[in-house]
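This chain uses plain numbering: 1 for the first residue, then up along the sequence. Predicted model, so just to flag it, every value in this text is computed and none were measured.
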Amino acid sequence: MTNQAAADLIARSNRLGADPKNTNYAGGNTSAKGTETDPVTGEPVELLWVKGSGGDLGTLTETGLAVLRLDRLRALVDVYPGVDREDEMVAAFDYALHGKGGAAPSIDTAMHGLVDAAHVDHLHPDSGIAIATAADGEELTRKIFGDKVVWVPWRRPGFQLGLDIAKIKAHNPQAVGCILGGHGITAWGDTSEESERNSLWIIDTAAAYIAEHGKADPFGSVSAGYEALPEAERRAKAAALAPTIRGLASHDRPMVGHFTDAPEVLDFLARTEHPRLAALGTSCPDHFLRTKVKPMVLDLPADAGIEESIARLKELHEAYRADYQAYYDAHAVSTGSTSSWPAIRGADPLIVLVPGVGMFSFGANKQTARVAGEFYVNAINVMRGAEALSTYSPISDAEKFRIEYWALEEAKLQRMPEPKQHATRIALVTGAASGIGKAIATRLAAEGACVVVADLDLEKAQAAAAEIGNADVAIGVQANVTDAAAVQRAIDDAVLAFGGLDLVVNNAGLSLSKPLLETTEADWDLQHDVMAKGSFLVSKAAAKVLIDQGLGGDIVYIASKNSLFAGPNNIAYSATKADQAHQVRLLAVELGEYGIKVNGINPDGVVRGSGIFASGWGANRAKTYGIPEEDLGKFYAQRTLLKREVLPENVANAVIVLTGPELSHTTGLHIPVDAGVAAAFLR
């Protein structure tokens with residue numbers, strides 16, 4: 001980056017965004033004004049660099065900046081049609097772009113361009129929003145900051161707010177910033193350093209005042225029976241409730257979930273005032289756009305039983321949906337013709353609070369779900385600060401509706417790319433640290449799924465997951481599939497990581513290539529324990545989750561050509577593969593009524609990357625066929641009808657097709673992935 005003002009802006013933004021006390025993820029925006037040479041005229045031109053729509057300050061780079069000509073942006077004041085038509089001004093920003101313009105300008109661009117300061121920061125700090133949402137926020141602003149910070153009554157972000165703050169800045173030369181009622185803070189400076197210093201001063205001064213003058217228990221006293229359960233107990237309860245909660249949150253569209261038992265959440269839910277405060281909802285637009293206007297709260301004590309809790313959650317969900325529909329209907333009518341508002345975007349909660357246990361948050365992907373939860377923690381912090389000094393008083397539901405169903409917000413949603421075919425699906429693959437399992441997990445993630453890499457070796461599982469993506473995409477868990485308790489722990493880990501489960505691939509396996517007379521009882525038991533019993537245990541634990549969710553799902557067995565073909569010297573392996581193949585048929589019949597599909601894949605000759613072949617099976621099979629081990633893949637290919645070697649990725653392709661939309665009506669099927677072995681044709 002050649003322009004120093006823009007370089008300083010990036011550095012300042014990254015510093016501010018790196019500390020959550022300053023602003024939430026993707027919240028707020030920063031700007032800088034400076035001069036460049038116009039390549040058309042060769043003359044100097046004043047420019048505004050401002051964080052573009054949807055970007056994050058902590059990770060902002062040059063590509064995330066919108067770049068506008070300051071003279072043209074400020075000239076828009078002369079054609080501004082008034083607050084009733086201010087949304088039109090966002091489209092007008094395109095005519096003020098410099099060159100290609102960089103990122104899309106955000107709604108706050110006017111604030112940054114019209115305020116007469118070289119550098120401007122607009123942030124959403126918990127301490128600042130606490131003052132902004134206090135019932136007497138204006139008085140508190142004067143008391144805390146004197147005349148250095150000016151109160152701005154709530155106004156929806158937009159061109160008029162930019163004009164208002166520009167006027168305040170002009171009329172209050174001593175001021176370094178504003179508290180924006182119900183929203184956040186804005187600060188400015190002649191240099192990047194001064195703007196950052198002023199922003200941090202407002203944030204830290206507000207926090208210090210709350211700490212010194214706030215009452216000790218802003219959420220009230222501890223409510224008996226609502227205290228946090230011991231860690232192991234609350235996580236077990238969370239895992240038991242998660243599938244039902246995800247099913248409720250996915251009534252209108254499938255959602256990915258996130259669970260947290262952060263201290264802030266547990267303390268909030270343990271206090272007497274949490275029902276009142278939760279019902280008031282969030283205030284900062286960034287918060288409620290991610291969390292919906294208010295959460296759904298289980299109104300039972302921490303020690304309530306699982307069945308009782310589930311029954312009550314279902315009742316509360318019906319009430320929540322009715323309440324949200326009423327909210328939409330009332331405000332769509334009261335604020336204009338219903339035809340002028342986007343259709344309702346779903347009436348399910350995005351935040352579900354369970355006393356003694358924690359918070360479940362939901363979104364279209366894991367990152368969105370996680371960030372929604374982080375935003376509600378921000379909202380808890382805001383409520384704590386406001387209640388400590390005054391009374392929490394968020395903006396009205398009518399104003400929330402105008403933001404939530406804003407045409408500009410709808411346009412932003414419409415610009416989002418089409419989701420991949422496995423988006424919102426949560427998959428667990430056993431034996432996935434290498435070979436076929438790793439290829440399946442990798443491909444599922446590439447198609448948009450959240451993936452749990454399960455393997456006997458935890459370190460290898462975590463390494464494989466890290467190769468696939470970050471923790472919002474894939475996690476590694478330990479799973480000894482021969483142990484029912486270990487299998488349940490792996491399923492619980494998956495549910496707590498992503499909210500539930502949609503797709504299970506029984507891939508874990510091993511093989512010992514021996515003739516009948518050399519096969520020991522231990523050989524037989526080991527292979528049947530891992531593949532036949534292991535698949536049964538995984539399917540049983542997974543089916544409970546799938547049924548509780550009520551969202552259907554897929555169970556896939558990686559069986560083998562040997563489940564049908566009588567090859568030499570592998571009695572134990574082939575018999576257990578035949579067991580797996582029949583489990584497919586049995587479970588397809590039993591689970592079909594729940595919308596759960598069960599299918600199988602019969603690979604053969606997958607040598608490259610295979611854990612089974614690397615562990616001695618390949619050497620034994622090569623010896624059986626009288627060929628060098630390194631030629632085994634070629635040998636298998638030559639005996640097929642297509643003369644093609646089968647790779648792990650070919651098996652992964654079959655999993656994608658079986659679990660994708662094209663075969664939504666297929667269950668009980670076995671797909672051969674063997675390049676054509678006539679003796680293994682299904683009959």
Side-chain angles (χ1 to χ4, degrees), residues 16 21-24 27-30 83 108 111-112 114-117 119-158 160-190 194-216 218-219 277 280 282-287 378-379 381-396 399:
L16 289 170
K21 80 176 177 64
N22 298 330
T23 200
N24 45 260
N29 30 68
T30 51
V83 69
D108 288 315
M111 178 198 305
H112 291 274
L114 300 180
V115 169
D116 186 18
H119 297 266
V120 178
D121 299 328
H122 169 58
L123 303 170
H124 300 149
D126 294 346
S127 63
I129 306 175
I131 307 303
T133 57
D136 52 350
E138 184 172 5
E139 180 183 344
L140 283 170
T141 299
R142 285 195 298 269
K143 186 181 297 185
I144 297 169
F145 304 104
D147 63 356
K148 292 188 68 176
V149 177
V150 182
W151 173 263
V152 181
W154 161 259
R155 183 182 290 281
R156 187 177 64 162
Q160 186 61 53
L161 181 60
L163 288 170
D164 292 349
I165 297 179
K167 185 177 180 180
I168 285 171
K169 166 73 169 64
H171 291 176
N172 296 273
Q174 80 290 346
V176 301
C178 300
I179 297 289
L180 282 59
H183 187 167
I185 74 167
T186 295
W188 47 75
D190 292 333
E194 184 181 22
S195 186
E196 181 176 2
R197 187 166 60 250
N198 289 338
S199 293
L200 295 176
W201 178 78
I202 295 173
I203 294 167
D204 294 341
T205 300
Y209 189 89
I210 294 169
E212 182 178 354
H213 298 279
K215 58 187 175 186
F219 293 150
L277 293 168
L280 291 173
T282 53
S283 186
C284 175
D286 260 22
H287 292 180
N378 289 134
N381 293 335
V382 166
M383 289 186 280
R384 181 186 295 107
E387 288 284 308
L389 297 177
S390 175
T391 302
Y392 175 61
S393 182
I395 63 174
S396 69
E399 286 300 308

Donor-acceptor contacts under 3.5 Å from residues 130-138 side chains, at least two apart:
unit_1, atom_1, unit_2, atom_2, d
Thr133, OG1, Ile129, O, 2.8
Thr133, OG1, Ala130, O, 3.4
Asp136, OD1, Ser390, OG, 2.5

* Just jot down the side-chain contact (heavy atoms from CB on, under 4.5 Å) partners of Ser199, sequence neighbours excluded, or say none. => Asp121, Leu123, Ala187

* To do: Compare every heavy atom of Val150 with every heavy atom of Thr141, then report the nearest pair and how far apart it is.
  => CG2-C, 4.3 Å

* Structure fact -> The side-chain contact (heavy atoms from CB on, under 4.5 Å) partners of Gln160 (sequence neighbours excluded) come to Tyr80, Val83, Glu86, Arg155, Leu163, Asp164

* To do: Assign the ring pair His183 / Trp154 to parallel, tilted or perpendicular, where the plane angle (0 to 90°) is split at 30° and 60°.
  => tilted

* **Heavy-atom closest pair, residues Trp188 and Cys178** => CH2-SG, 3.7 Å

* Those residues that, when tested against Gln174, pass side-chain contact (heavy atoms from CB on, under 4.5 Å) (two or more places apart) -> Asp147, Asn172

* Structure fact -> Here the gap from Leu280 atom CG to Tyr392 atom OH, rounded to the nearest 0.5 Å, amounts to 6.5 Å

* Taking the six-membered ring for Trp and the single ring otherwise, decide whether the centroids of Phe145 and Trp151 are under 6.0 Å apart. => no

* Say you draw a straight line from OG1 of Thr186 to CD1 of Ile168; how long is it, rounded to the nearest 0.5 Å? -> 9.5 Å

* Measuring from Asn29:CG to Met111:CE, what's the distance to the nearest 0.5 Å? -> 6.5 Å

* Structure fact -> Between the NZ atom in Lys169 and the CG atom in Leu114, the distance rounded to the nearest 0.5 Å is 13.0 Å

* **Glu387 side chain to Phe219 backbone, donor-acceptor under 3.5 Å** => no

* If you take all heavy atoms of Arg384 and Asn381, which pair is closest and at what distance? -> NH1-OD1, 2.9 Å

* Asked: Partners of Asn198 by side chain to side chain donor-acceptor pair (under 3.5 Å), sequence neighbours excluded?
  -> none

* Asked: Which atom pair, heavy atoms only, marks the closest approach of Ala388 to Pro218?
  -> N-CB, 3.6 Å

* Residue pair Leu180 / His122, side-chain heavy-atom distance below 4.5 Å -> yes

* In Å, rounded to the nearest 0.5 Å, how long is the span from CD1 of Ile203 to CD1 of Ile185? -> 4.5 Å

* **Leu200 side chain near Lys21 side chain, heavy-atom distance below 4.5 Å** => yes

* Thr282 and Asn378, any side-chain heavy atoms less than 4.5 Å apart -> no

* To do: List for me each residue that meets side-chain contact (heavy atoms from CB on, under 4.5 Å) alongside Lys143, sequence neighbours excluded, and say none if there are none.
  => Glu139, Tyr209

* Point-to-point distance, once rounded to the nearest 0.5 Å, from CG of Asn22 to CD1 of Ile202 -> 11.5 Å

